[in-house]
Amino acid sequence: MFLSVFDLFKIGIGPSSSHTMGPMTAARRFLDEILAGDWPRPAGVKVDRIGASLHGSLAYTGIGHGSDRAVILGLAGETPQTVDPDEADGIVARIGADRRISPPGHPSYRFDPAKDLVLDRKTPLTGHANGMAFYAYDASDRLLLKRIYYSIGGGFVVSEEELQRMKAKGSVTTEGKKVPYPFKNAVEMLAMAAKSGLSIAEMKRANEEKHMSREELDAGLDAIWSAMKGCIDRGLSQDGIMPGGLKVRRRARQLHDKLQQQWQQNRPNPLLANDWLSIYAMAVNEENAAGGRVVTAPTNGAAGTLPAVLRYWLHFHPEADQPSIRDFLLTAAAVGGIIKSNASISGAEVGCQGEVGSASAMAAAGLCAVMGGTPEQVENAAEIALEHHLGMTCDPVGGLVQVPCIERNALGAVKAVTAASLAIKGDGTHFVPLDAAIETMRQTGLDMNEKYKETSLGGLAVNVVEC
């Protein structure tokens with residue numbers, strides 16, 4: 001049972017892994033299926049027009065999350081990893097004007113976003129709240145091919161058939177990959193750590209190196225942190241109003257400048273660490289809200305929490321170095337894999353407890369590990385952080401990943417550091433196991449009303465007057 005660190009930490013663009021990266025990836029998958037031609041069609045008949053429909057949460061908050069834009073970019077042949085955020089709007093505008101798409105390796109297809117891209121709020125797809133369908137037609141508008149995909153959180157996309165197989169197995173882990181430490185929950189993780197004498201990061205590294213070289217792994221981990229750090233730095237350099245119509249102003253740069261002044265004055269400030277944590281997290285999520293390049297950690301909506309805690313580690317702990325950054329990410333990924341395999345990281349499935357709650361648990365585990373925590377203390381840190389996010393709803397105002405999402409990441413980072421600090425001062429024994437907290441999150445998500453799960457039909461989304 002194995003989820004790679006690179007499954008959880010994906011480099012892409014904002015504002016949402018489920019609503020932006022997922023639909024873009026699904027559109028690319030559909031293009032690949034058309035090109036493969038492994039589907040029945042009359043002899044000599046060619047695809048002439050493409051269509052798409054978004055359903056469930058994607059339909060309700062698709063405009064605010066940029067899902068329509070993501071589908072258009074994906075059909076144009078762009079990928080979340082390589083698309084230039086500064087060029088994206090131009091690509092979308094050209095397709096809207098031409099009413100055609102010309103993805104690399106394909107002929108030109110008719111595609112009018114105003115007609116061929118439908119946000120269908122009336123017809124939910126049964127597999128998942130984030131469902132979408134893609135259609136291929138001939139020159140007479142006869143349907144040739146239809147495919148359904150689901151964006152299941154963190155940029156993961158599965159077909160209808162893949163989702164059914166996953167549900168039958170009861171797992172979303174990568175199939176067919178054998179590893180030396182195949183823990184599927186925290187109990188197994190701690191047992192394997194005790195038997196092997198290895199840390200969680202060392203076990204996770206051994207699992208990863210079963211399928212890649214150490215040099216490849218380290219280069220990939222360094223690239224993840226480089227992208228996270230770059231996102232923080234860009235977020236701290238930008239100001240102005242974020243897109244979407246709420247007129248929410250970026251604050252990270254202004255707050256950062258004030259903190260820099262206080263830092264230089266060398267005056268005691270007991271809240272200084274929390275202030276830096278909050279600003280780092282806000283910088284990432286402001287950049288995400290603006291459609292910039294971010295790393296799912298484990299989702300875009302929760303992308304600021306973990307980088308903020310890692311930047312805090314580098315800022316305030318002189319022993320921090322490059323190997324500790326890698327251990328932080330490996331430990332966080334181990335915990336994130338357990339959460340995803342046994343519950344969810346999708347706001348559309350379980351609310352924001354699955355996004356910021358999971359991110360906070362991952363960050364707490366990573367920080368506790370690099371501060372010298374035992375596997376038991378690391379598990380304790382993750383549990384503390386997750387437990388105190390249980391029940392958190394996903395209620396973005398206007399369907400935008402701005403309010404309350406940006407500040408929510410900041411508080412998730414603060415909770416993560418607090419959880420790690422509490423755990424490292426104990427001996428690892430505690431009352432609530434991490435597995436119990438994860439199962440509680442899963443059950444809470446099942447019980448949670450749909451209007452509190454990324455649909456913007458409840459909570460702050462309806463009680464805050466939009467200006």
Is it true that, when you exclude [X] itself, more than 12 heavy atoms of the residues, nucleotides or ligands shown sit nearer than 6.0 Å to its [atom1]?
X	atom1	result
R99	CZ	no
D38	CG	no
Y109	OH	yes

Would you say [X] and [Y] make side-chain contact, with heavy atoms under 4.5 Å?
X	Y	result
E286	Q238	no
I34	F134	no
E355	E454	yes
M362	V309	no
V401	M242	no
K184	S341	no
I338	D435	yes
L310	L329	yes

Using atom types as modelled and distance alone, determine if a side-chain donor or acceptor of [X] lies under 3.5 Å from a backbone N or O of [Y].
X	Y	value
E407	P404	no
D395	L460	yes
N288	V284	no
N285	Q402	no
T20	H65	yes
S346	G153	no
T305	V356	no
T299	A302	yes
Y150	G127	yes
W313	L367	no

_If the condition is side-chain contact (heavy atoms from CB on, under 4.5 Å), which residues does R253 pass it with, not counting sequence neighbours?_
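Only D239, D257 meet the side-chain contact (heavy atoms from CB on, under 4.5 Å) criterion with R253.
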*Considering residues at least two apart in sequence or located in another chain, which fulfil the side-chain contact (heavy atoms from CB on, under 4.5 Å) criterion with P113?*
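P113: side-chain contact (heavy atoms from CB on, under 4.5 Å) contacts with I72, I95, F111.
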*asked:* Among I345, V350, L306, exactly one meets side-chain contact (heavy atoms from CB on, under 4.5 Å) together with S358. Which residue is that?
replied: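 Exactly one pass, corresponding to I345.
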Between [X] and [Y], does any side-chain N to carboxylate O distance fall below 4.0 Å?
X	Y	value
R326	D222	yes
E78	R69	no
E208	K204	yes
D32	R147	no
D218	R214	no
E450	K453	yes
R442	E349	no

_Could you go through F9 and M228, starting from their C-alpha distance and side-chain angles, then the distance that decides it, and tell me whether this counts as side chain to side chain contact (heavy atoms under 4.5 Å, CB included)?_
CA-CA 10 Å; F9 297 122; M228 288 179 173; 3.9 Å; yes
Quick check: closest heavy atoms across [X] and [Y], and the distance to 0.1 Å?
X	Y	answer
A227	I11	CB-CD1, 3.8 Å
I200	A334	CG2-CB, 3.6 Å
Y452	G459	CE2-N, 3.3 Å
P23	S67	CB-O, 4.3 Å
S17	T296	CB-CG2, 3.7 Å
N130	S18	ND2-CB, 3.5 Å

_Worked check of side chain to side chain contact (heavy atoms under 4.5 Å, CB included) between I152 and M166_ = CA-CA 11 Å; I152 60 173; M166 281 168 35; 3.7 Å; yes
*Aromatic plane relationship, Y149 with F30 - under 30° parallel, 30 to 60° tilted, over 60° perpendicular*: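 If you compare the ring of F30 with that of Y149, the planes turn out perpendicular.
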Interatomic distance, [X] atom [atom1] to [Y] atom [atom2] [nearest 0.5 angstrom]:
X	Y	atom1	atom2	result
D112	R110	CG	CZ	10.0 Å
Q81	M21	CD	CE	6.0 Å
L411	L277	CG	CG	10.5 Å
I438	K340	CD1	NZ	13.0 Å
H389	K415	NE2	NZ	4.0 Å
E209	L217	CD	CG	5.5 Å

State whether a side-chain donor-acceptor pair under 3.5 Å links [X] with [Y].
X	Y	result
N300	S16	no
S57	H19	yes
E160	Q164	no
H211	S4	no

*Counterpart residues, side-chain hydrogen bond (donor to acceptor under 3.5 Å, both in side chains), relative to D138 (two or more places apart)*: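 R142.
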_Pair Q353, M448 - check side chain to side chain contact (heavy atoms under 4.5 Å, CB included), show working._
CA-CA 11 Å; Q353 59 176 348; M448 190 179 290; 4.0 Å; yes
*Does Y181 have K210 sitting over its ring (NZ/CZ under 6.0 Å from centre, angle to axis within 45°)?*
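The answer is no; the distance or angle limit is not met.
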*Can you list the steps and then say if I63 with D68 is a side chain to side chain contact (heavy atoms under 4.5 Å, CB included)?*
CA-CA 6 Å; I63 299 297; D68 52 340; 3.2 Å; yes
